[in-house]
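Below: the structure, in structure tokens.
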Amino acid sequence: MSIQVVLASQSVSRRNVLTTAGVCPIIRVSHVDEPAALAAHADRQGVTVDKLDTSQRVTVLAQAKAQAVYEAYRDVARTAGEARGEQVTARPLDAETSRSAKADGHAAPAAERRFVRMSTTTRAFAEAHLPMSIEPLSGSASTSNGLGHGEVGPLIIGCDSMFCLDGVSYGKPHNPDTARQRLRAMRSRTGELWTGHCVIDFATGRQVAGTSHARVTFGDYSDRDIERYIATGEPLEVAGSFTLEGFGATFIDGVEGDPHGVMGVSLPLLRRLAGQLGVEWTDLWNVTPHATEPVGKREAKMQTPPKENVHQPGDGWVECACGRRHWGVNGAAGVLLARRDETTGRIVDVVMQHRAIWSAEGGTWGIPGGAIADGESPIEGALRESFEEANITARDIEVVGAYREDHGPWAYTTVIAFEKPGHHVAPRANDDESLEIAWVPMDEVPHRRLLTAMRADWPRFAVRLEELAASVPPHHSRG
């Protein structure tokens, strides 16, 4: 398996540059307050922000973004490593085998075989007797391997880009008026596009940083060109108000230096930085040539997902012996997070996801989760997905159990968690995969329009949650 890369950016351009170079990264947005990061650095240096040159600024911000994601991943690994309780594993395909034949060795009636196959296909196993096993969560399939077990990686890459013209540094304009002023000033001029990178090896904590820059010369475009370009929306959220790989490329007469750096990711710089960490660039390759598109396609009955939805390593369909396809080549996982009454310890609410209309069984309610990325344990995958979709932060929860539905080549792991004592999770929809994310009272859950799997599993989950709550002292009585 290749060394995994985590990109601390949601830039489509950066993601595409890496993917076409053979590296499909995990996307983890840093949410860094950029002005605050620059101000803090300038204060430590005893200067004002305006005294920082463009090279310093992109380096500071790249480091801040990489560090924020590194710390978030440490929280994930720590929470996964501290997981306690038991994992219950159900094997529905074994149930199908046992129910498809009589004790005397003759085939069971066709009607019975059909019922079991239909139940397996829909994962509606509420009426079936499933073979189950119980083991300590620590050391189980849900905690083995994962981020904290490698000698190197994943490599976390922070990036930032700015355009410098006449000694002034420009980031993203964010609004049409600012973009218009900058595009007029850049017309028939030459400036410098600076890109900073910071790479952190998660396994060792070592980090390296550097910058790349290129001279960009713009053509003599018209005011009408500017207005039409602004109308596309492209220049509003890119450094310098232009792109080299989009609509803006038409207005660029020449580039001197690293062209990939102009697109936000300097491949030569990243190769050198990885080398400083003892990693060969080719060890990061995880994309098969001529196969840079997502593995598999969404089922035809789904509506088209938003274009900005990203393909993560681990996305793709698995053809299962149960007769249907499952999402996640490494399996999938989600978090069932419960809130307890601080006095009694009883479960009062759980976090639920109202699924986007374009998704499978869109409009139903379930738990946040998704495909497990390459190199992750199921718990780590569940924690990452639950943050990406529902803003569930790993540092605020404790894992107390798991339920794993094992189909052999594919499994779904439901990670059961409580809020930590004194912590409060504020769930919200962080991406387009949810109509809403909400704390839902326990007694209301079965009355929602639930995802098929959740409808079948909820009775077991409700009992398990109450049992776990009874076995763990309430917040006020814990030291």
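Atom set for the values below is all heavy atoms of this structure, side chains included, hydrogens, waters and symmetry mates excluded.
- Considering only heavy atoms from C-beta on, Ile416 comes within 4.5 Å of Arg464 through its side chain.
- In this structure, Thr344 contributes its side chain and Arg346 its backbone to a donor-acceptor pair below 3.5 Å.
- A donor-acceptor pair is defined here as one N or O able to donate and one able to accept, closer than 3.5 Å; such a pair exists between the side chain of Glu389 and the backbone of Gly369.
- In this structure the side chain of Met454 never reaches within 4.5 angstrom of the side chain of Trp365, judged on heavy atoms.
- Under the 3.5 Å distance criterion, with hydrogens and angles disregarded, a donor-acceptor pair is assigned to the side chains of Asp374 and Asn330.
- A donor atom on one side chain and an acceptor atom on the other are found under 3.5 Å apart for Arg14 and Ser9.
- Because its NZ or CZ atom is both nearer than 6.0 Å to the ring centre of Trp439 and within 45° of the ring axis, Arg339 counts as a cation-pi partner of that residue.
- The side-chain heavy atoms of Leu7 and Leu18, taken from C-beta on, include a pair separated by under 4.5 Å.
- Heavy-atom neighbours of Arg448 CZ from other residues, nucleotides or ligands within 6.0 Å: above the threshold of 12.
- No side-chain heavy atom of Asp283 sits less than 4.5 Å from a side-chain heavy atom of Ser2.
- Between Phe387 and Ile392, every side-chain heavy-atom pair lies at or beyond the 4.5 Å cut-off.
- Inter-residue side-chain proximity for Asp396 and Lys420 is flagged as unmet; no heavy-atom pair is nearer than 4.5 Å.
- A donor and an acceptor atom, one from each side chain of Glu361 and Thr452, are located under 3.5 Å apart.
- At most 12 heavy atoms of other shown residues, nucleotides or ligands fall within 6.0 angstrom of atom CD in Glu280.
- In summary, Glu398 and Arg84 engage in a salt bridge, as defined by a charged side-chain N under 4.0 Å from a carboxylate O.
- For the residue pair Asp406 and Thr89, no side-chain donor N or O sits within less than 3.5 Å of a side-chain acceptor on the partner.
- Ion pairing between a basic and an acidic side chain is recognised when a charged N comes within 4.0 Å of a carboxylate O; Glu34 and Lys65 show such pairing.
- With Ser377 contributing its side chain and Glu380 its backbone, the two residues share a donor-acceptor pair below 3.5 Å.
- No option in Tyr412, Trp410, Trp317 other than Trp410 meets the ring-ring contact (aromatic ring centres under 6.0 Å, His included) test with His326.
- Contact of the Thr413 side chain with the Ile379 side chain is not registered, since no non-hydrogen atoms from C-beta on lie closer than 4.5 Å.
- Electrostatic pairing of Glu376 and Arg384 counts as a salt bridge here, judged by a charged N lying under 4.0 Å from a carboxylate O.
- Using a cut-off of 4.0 Å between Lys/Arg side-chain N and Asp/Glu carboxylate O, Arg91 and Glu405 are scored as not salt-bridged.
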